[in-house]
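Read through the structure below, which is laid out as structure tokens, and then see the notes.
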Amino acid sequence: MALMLVKFDLKKRVKLAQTVWFMYWFAVMAGVLVLSMGLFFKIELRKRSELMDNKESHFLPNLLIFMGLIACCINAFGGKVCYDSLDPTKFAKWKPVLKNFLVFCVVFNALLLLTALLCFLMRIPLQFTLAEGLRNGMRYYKDTDTPGHCYMKRTLDLMQMEFRCCGNDNYRDWFEIQWVSNRYLDFSSKEVKDRIGSNVDGQYLMDGVPFSCCNPSSPRPCIQHQMTNNSAHYSYDHYTEELNIWKRGCRDALLSYYGGMMNTIGALVVLITMLEVAVTIGMQYVNSSLSTLANPEDPESESEGWILEKTVKETFTDIMAKMKAMGKSSKVEEGGEAAVATVS
């Protein structure tokens with residue numbers, strides 16, 4: 001018994017072909033959308049590539065670009081087949097390849113769904129990538145004269161201002177590293193010598209943050225130096241005072257930004273996958289309805305269309321039987337080759 005059997009006459013077949021043709025060209029636009037989302041995400045990652053610890057983060061946008069290109073190609077081909085199905089003489093040339101095309105469409109739909117799943121799961125590896133990348137970037141903040149790191153200060157300052165964040169986990173991360181270059185330190189000063197000598201790494205550490213951490217909405221002028229020294233500022237207590245710098249860590253801010261973007265892309269890819277499944281089913285109905293004409297020489301004769309020629313269970317059993325037969329034949333061939341090798 002065929003799965004979801006539908007009877008067709010000429011009028012229904014024409015309407016089916018026209019509908020599926022329209023859906024295919026709509027799916028082409030959906031493929032362009034997937035491609036565009038991949039390009040957009042890749043550009044957004046490249047903007048802050050210096051803050052990413054590895055290049056594996058570009059795998060997903062590259063996958064989206066690839067899947068978008070494939071979607072455009074297969075949907076354009078499917079639209080052409082549907083258009084030619086209105087003319088039996090033109091459709092005849094597509095019959096030998098349609099079965100393989102439909103199998104390829106099923107595999108593609110599965111890969112598209114997997115791509116959507118990866119979009120939702122990317123937040124996990126991105127969290128570790130950003131944590132390490134930001135930590136390294138903050139270490140290179142002061143190296144404005146070092147080739148390869150000279151733009152890190154600008155990158156971090158722009159990021160902290162854009163995302164309204166400070167440090168990796170919070171603003172106190174800046175207290176643990178030297179972010180002022182030695183060229184701007186007066187080594188004859190006792191304060192500088194004391195600060196450098198106060199830690200085993202010989203770094204100039206201070207309880208301050210870069211200017212980009214300042215919150216311009218604060219009514220008080222920004223307190224970015226000696227933040228834990230109450231006596232250094234009038235009417236100030238760093239334990240109780242509402243700090244006028246961004247409290248949110250940049251890892252959390254970037255993760256929220258990229259995570260929201262990937263959730264949106266993932267949801268759109270799921271919807272596009274549903275569209276692809278629909279056009280694949282439509283193409284199967286077009287193919288089966290034209291292959292079962294009661295009188296192939298009479299285009300107006302009735303026919304039947306289905307999703308699967310047999311039930312799901314019977315189809316699965318047939319596939320497993322074919323796979324076992326292929327496995328046995330390959331073993332027989334290997335045995336024959338081994339016997340020939342022994343004789344020679």
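Keep in mind that what you see is a predicted model, and the values were worked out from it rather than measured.
The nearest pair of heavy atoms linking I265 to C119 is CG2-SG, 4.0 Å. Heavy atoms only, all atoms of each residue included: R251 and Q127 are closest at CD-O, 3.8 Å. The heavy-atom pair separating D207 from F175 by the smallest distance is C-CE2, 3.5 Å. In this structure, R123 and S256 approach most closely via the heavy-atom pair NH1-CA, 4.4 Å.
Note: C165 SG to I245 CD1 = 11.5 Å, rounded to the nearest 0.5 Å. One distance of note links CD1 of I65 with CZ of F40; it measures 12.5 Å at 0.5 Å rounding. Between the CE atom in M159 and the CG atom in L254 there is a gap of 5.5 Å [rounded to 0.5 Å]. Residue M283 holds its CE atom at 6.0 Å from CG of L98, rounded to the nearest 0.5 Å. With rounding to the nearest 0.5 Å, the separation of CG in L255 from SG in C250 is 12.0 Å. A distance of 12.5 Å separates CG in D169 from CZ in R248, rounded to the nearest 0.5 Å.
Both F22 and V28 are part of a single hydrophobic cluster, where members link through side-chain heavy atoms under 4.5 Å apart. The hydrophobic cluster containing W179 also contains M138, counting ILVMFWY residues as joined when their side-chain heavy atoms lie under 4.5 angstrom apart, directly or transitively. If you chain together hydrophobic residues whose side chains sit under 4.5 Å apart, L33 and L35 never meet in one group. By the criterion of side-chain heavy atoms lying less than 4.5 angstrom apart, applied directly or through intervening Ile, Leu, Val, Met, Phe, Trp or Tyr residues, F41 is not grouped with V32; the two fall into different hydrophobic clusters. The cluster map of Ile, Leu, Val, Met, Phe, Trp and Tyr, joined by side-chain heavy atoms under 4.5 Å apart, puts V107 and F77 in the same cluster.
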Derivation of the salt bridge (Lys or Arg N to Asp or Glu O under 4.0 Å) call for R48 and E162: CA-CA 12 Å; R48 302 168 188 91; E162 179 182 355; 3.2 Å; yes

Quick one: do Y141 and W174 satisfy ring-ring contact (aromatic ring centres under 6.0 Å, His included)? Show the steps, please. CA-CA 10 Å; Y141 182 88; W174 289 107; 5.1 Å; yes

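Between the Q160 side chain and the G167 main chain, a donor and an acceptor come within less than 3.5 Å of each other. Between the side chain of S291 and the backbone N or O of S288, no donor-acceptor pair lies under 3.5 Å. Proximity of a side-chain donor or acceptor of H233 to a complementary backbone N or O of M227 within less than 3.5 Å is not detected. In terms of modelled atom types and a separation under 3.5 Å, the side chain of S218 and the main chain of N215 share no donor-acceptor contact. A donor-acceptor pair under 3.5 Å is formed between the side chain of Q224 and the backbone N or O of V209. A side-chain donor-acceptor contact under 3.5 Å links Y258 to the backbone of E44. Between the N168 side chain and the A131 main chain, a donor and an acceptor come within less than 3.5 Å of each other. A donor-acceptor contact shorter than 3.5 Å links the side chain of T19 to the backbone of K15. A donor-acceptor pair is defined here as one N or O able to donate and one able to accept, closer than 3.5 Å; no such pair exists between the side chain of Q203 and the backbone of L205.
Cysteines C222 and C214: SG-SG separation is under 2.5 Å.
Residues M161 and F211 meet the side-chain proximity criterion, which asks for heavy atoms closer than 4.5 Å. Side chains of R135 and E132 form a contact here, defined as non-hydrogen atoms less than 4.5 Å apart. By the 4.5 Å heavy-atom criterion applied to side chains, M262 and L60 are counted as neighbours. Between K153 and Y140 the shortest side-chain heavy-atom distance does not fall below 4.5 Å. For the pair F91/N287, a side-chain contact is recorded, criterion being any heavy-atom separation below 4.5 Å from C-beta on. In this structure, V269 and M37 have side chains that are in contact, with non-hydrogen atoms separated by less than 4.5 Å.
Crowding of K93 atom NZ: a count of heavy atoms from other residues, nucleotides or ligands under 6.0 Å exceeding 12. The environment of CZ in R164 is sparse: at most 12 heavy-atom neighbours from other residues, nucleotides or ligands sit within 6.0 Å.
By the 4.0 Å N-to-carboxylate-O rule, R172 lies too far from E176 to be salt-bridged with it.
The aromatic rings of F163 and Y257 sit perpendicular, their planes meeting at an angle over 60°, well past the 30° parallel limit. Ring geometry, F104 versus F108: the interplanar angle falls under 30°, so the pair is classed parallel (tilted spans 30 to 60°).
Using a 3.5 Å distance cut-off with no hydrogens or angles, the side chains of S181 and D145 do not pair a donor with an acceptor. Residues K247 and N170 bring no donor and acceptor atom of their side chains to less than 3.5 Å of each other. For the residue pair N75/W25, the side-chain donor-acceptor check at 3.5 Å is not satisfied.
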